[in-house]
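Just follow the structure's listing: the first ligand is 1, and inside any ligand the first atom is 1.
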Amino acid sequence: MITGGAGFIGSHVVRLFVNKYPDYRIVNLDKLTYAGNLANLRDVEDRPNYRFVRMDICDFEGVLALMKEERIDGIIHLAAESHVDRSIKDPFTFAQTNVMGTLSLLQAAREVWNGEWKGKRFYHISTDEVYGALEMDGSLFTEETRYQPHSPYSAAKASSDHFVRAFHDTYGLPTIVTNCSNNYGPYQFPEKLIPLFINNIRHRRSLPVYGKGENVRDWLYVEDHARAIDTIFHNGRTGETYNIGGFNEWKNIDLVKLLVDTTDRLLGRAPGEDRDLITFVTDRAGHDLRYAIDSTKLRDELGWEPSLQFEEGIEKTVRWYLDNQDWLDNVTSGDYMKYYEQMYGGR
Ligand code: NAD
Ligand code: TYD
């Protein structure tokens, strides 16, 4: 069972598993919030080894019944509210889904598996943002770094991580937690920096860079993350935490310039022509200065490494959004919400 499989990262994980494991039965449990979009999965939705179920992870009885019906033996949990700016405006929803929703899944897994842990696995997907912020001093987040979340988003994710570990330590539930850096690639909702800015460059709208654009993020191509999830789900040790990152730090302003130049070039405009769209705006409240992940443990233990160079990944990503402008138009207009109604008769 993959939760949040209609979202950005989840859709890549569902696609990878449905294609790679024809003998598995993949159940995608997703509430279809604004961030869930079944159009992300059109190429796999008719596969015999795939089932979509619209459900809220907070619906404990529903999750319990579904787990029993499908005899679920593994959970990859990605469903979450994921955008920091939204969490600043509406922290309640973040606590509800990220904390209570995760707890509901943990309780359901514990009840259904009932001490028969062999062959079972509860894999919780988390973020490096739980570690707080780094200075500009070359330091990296390791698996031992103390949790120090600053935003309501990262506070809720941190809380869910603690619950997952508590279920391992208290009940013996076979859990794994991974903390990953910023992802980018196809199907990311255009509220996040990279797809938002590509869309704005396309329309020649302003590019609102928070503060001075000095903040640093460590970017990983989403398919590399999905591959890491596959590796860890199958070969990771239960009770463990693994950091996932690309050793790929970029200052926001430098990344934005690269995005403008790449998008302009691919649109047949003079590269850099649209740099004057860059507008420095009021900084995000509590804006973490720098994230950077040390993923040495994952490389040494399980042999995973990112496969894509960043410039190559950005080129691929910009090209995808420009080749899929219908997808962008559908999600920015809200039309994608109608898809579920057409497919399933009601939302
Ligand atoms: P997303 O916002 O694109 O997708 C979230 C999905 O979860 C959507 O399909 C949504 O419909 C679903 N969902 C939300 N609330 C739900 C609920 N109550 N019940 C069932 N489904 C619900 O998020 P994403 O960027 O794909 O992130 C997926 C996971 O990875 C999250 O747990 C996030 O914290 C984590 N993560 C994301 C990043 C990143 O850069 N995007 C980095 C590290 C970790
Ligand atoms: P975002 O994609 O929201 O990811 P996160 O906050 O989880 O790291 O933002 C990435 C960086 O870009 C972050 O430092 C905030 C900054 N940012 C802007 O400067 N302008 C924007 O409009 C957005 C959405 C983000």
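- Side-chain atoms of Ser104 come within 3.5 Å of backbone atoms of Ile57 as a donor-acceptor pair (strictly under, hydrogens ignored).
- Near ligand 2, heavy-atom contacts under 4.0 Å come from His83, Val84, Glu129, Asn182, Glu191, Lys192, Leu193, Leu196, Phe197, Pro208, Val209, Tyr210, Asn215, Arg217, Asn252, Arg284, His287, Tyr291.
- Protein heavy atom at the shortest distance from atom 38 (C) of ligand 1 is Ile9 CD1, 3.6 Å.
- Contacts of Leu32 with ligand 1, taken as heavy-atom pairs under 4.0 Å, involve the backbone alone.
- In terms of polar-atom proximity, Leu78 is counted as a contact of ligand 1, with an N or O under 3.5 Å from an N or O of the ligand.
- Nearest protein heavy-atom contact of atom 40 (O) of ligand 1 is Asn183 N, 2.9 Å.
- Taking the six-membered ring for Trp, His12 and Tyr187 have ring centres closer than 6.0 Å.
- Using a distance-only test at 3.5 Å, with no hydrogens or angles considered, a donor-acceptor pair links the side chain of Asn200 to the main chain of Ser206.
- For ligand 1, the polar-atom distance check against Cys180 finds no nitrogen or oxygen pair separated by under 3.5 Å.
- For ligand 1, the polar-atom distance check against Asp30 finds a nitrogen or oxygen pair separated by under 3.5 Å.
- Between the side chain of Glu315 and the main chain of Glu312, no donor-acceptor pair closer than 3.5 Å is present.
- Of all protein heavy atoms, the one lying nearest to atom 19 (N) of ligand 1 is Ile57 N, 2.9 Å.
- Residue Thr127 has no nitrogen or oxygen atom sitting less than 3.5 Å from a nitrogen or oxygen atom of ligand 1, judged on distance alone.
- Scanning all protein heavy atoms for the shortest distance to atom 4 (O) of ligand 1 gives Gly7 CA, 3.4 Å.
- Nearest protein neighbour of atom 25 (O) of ligand 1, counting heavy atoms only, is Phe8 CD2, 3.7 Å.
- Not one N or O on the side chain of Thr175 forms a donor-acceptor pair closer than 3.5 Å with the backbone of Phe122.
- Distance alone, capped at 3.5 Å, is enough to place a donor-acceptor pair between the Asn324 side chain and the Trp320 backbone.
- Taking any N or O of Asn37, backbone or side chain, none lies under 3.5 Å from an N or O belonging to ligand 1.
- Interface atoms of ligand 1 facing Asn182, defined by a heavy-atom separation under 4.0 Å, are 40 (O).
- The shortest N or O to N or O distance between Lys31 and ligand 1 is below 3.5 Å.
- Using a 4.0 Å cut-off between heavy atoms, Tyr153 contacts ligand 1 through its side chain alone, with no backbone atom that close.
- For Leu29, no nitrogen or oxygen atom sits less than 3.5 Å from a nitrogen or oxygen atom of ligand 1, counting backbone and side chain alike.
- For Thr127, the side-chain hydrogen bond (donor to acceptor under 3.5 Å, both in side chains) criterion is met by no residue, not counting sequence neighbours.
- Between the side chains of Trp250 and Asn252, no donor-acceptor pair of N or O atoms lies under 3.5 Å.
- At distances below 3.5 Å, not a single donor-acceptor pair connects side-chain atoms of Asn248 with backbone N or O atoms of Asp218.
- For ligand 1, the polar-atom distance check finds an N/O of Thr97 within less than 3.5 Å of one of the ligand's N/O atoms.
- Of the possible donor and acceptor atoms, none in the side chain of Thr263 sits under 3.5 Å from a partner among the backbone N and O of Val260.
- Of the listed residues (Ala80, Gly4, Ala156, Ser82), the one carrying the non-hydrogen atom nearest atom 5 (C) of ligand 1 is Ala80.
- Interface of Met55 with ligand 1, defined as ligand atoms under 4.0 Å from a residue heavy atom, comprises 19 (N), 20 (C).
- Between Thr33 and ligand 1, a contact under 3.5 Å exists for at least one N or O pair.
- Contacts between Lys157 and ligand 1, counted as non-hydrogen atom pairs separated by less than 4.0 Å, involve the side chain only.
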(message) Checking Asp288 against Tyr291 for the side-chain hydrogen bond (donor to acceptor under 3.5 Å, both in side chains) test, could you report, in this order, the C-alpha distance in whole Å, the side-chain angles of both residues, the deciding distance, and whether it holds?
(response) CA-CA 8 Å; Asp288 286 334; Tyr291 302 142; 2.6 Å; yes
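- An N or O contact shorter than 3.5 Å is missing between Ala79 and ligand 1 by distance.
- Looking at heavy atoms from C-beta onward, Leu173 lies in side-chain contact with Trp117 at the 4.5 angstrom threshold.
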Under 3.5 Å donor-acceptor pairs involving side-chain atoms of residues 89-97, not counting sequence neighbours:
unit_1 : atom_1 : unit_2 : atom_2 : d
Asp90  : OD1    : Thr93  : OG1    : 3.1
Asp90  : OD2    : Thr93  : OG1    : 2.3

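- For Asp56, the heavy-atom gap to ligand 1 drops under 4.0 angstrom.
- Residue Ser126 approaches ligand 1 through these ligand atoms, each under 4.0 Å from one of its heavy atoms: 43 (C), 44 (C).
- The backbone N or O of Val18 sits less than 3.5 Å from a side-chain atom of Asn49, completing a donor-acceptor pair.
- With respect to the salt-bridge test (charged N to carboxylate O, under 4.0 angstrom), the residues Arg227 and Asp230 do not qualify.
- Residues Tyr184 and Tyr221 place their aromatic rings such that the two centres sit under 6.0 Å apart.
- Here is the list of ligand 1 atoms found below 4.0 Å of a heavy atom in Ser181: 42 (C), 43 (C).
- Under 3.5 Å, the side chains of Arg15 and Tyr50 contain no donor-acceptor pair of N or O atoms.
- Atoms of ligand 1 found under 4.0 Å from any heavy atom of Ile125 (numbered from 1 in listed order, with element): 30 (O), 32 (O).
- Under the side chain to side chain contact (heavy atoms under 4.5 Å, CB included) criterion, Lys68 pairs with Leu64, Val112, not counting sequence neighbours.
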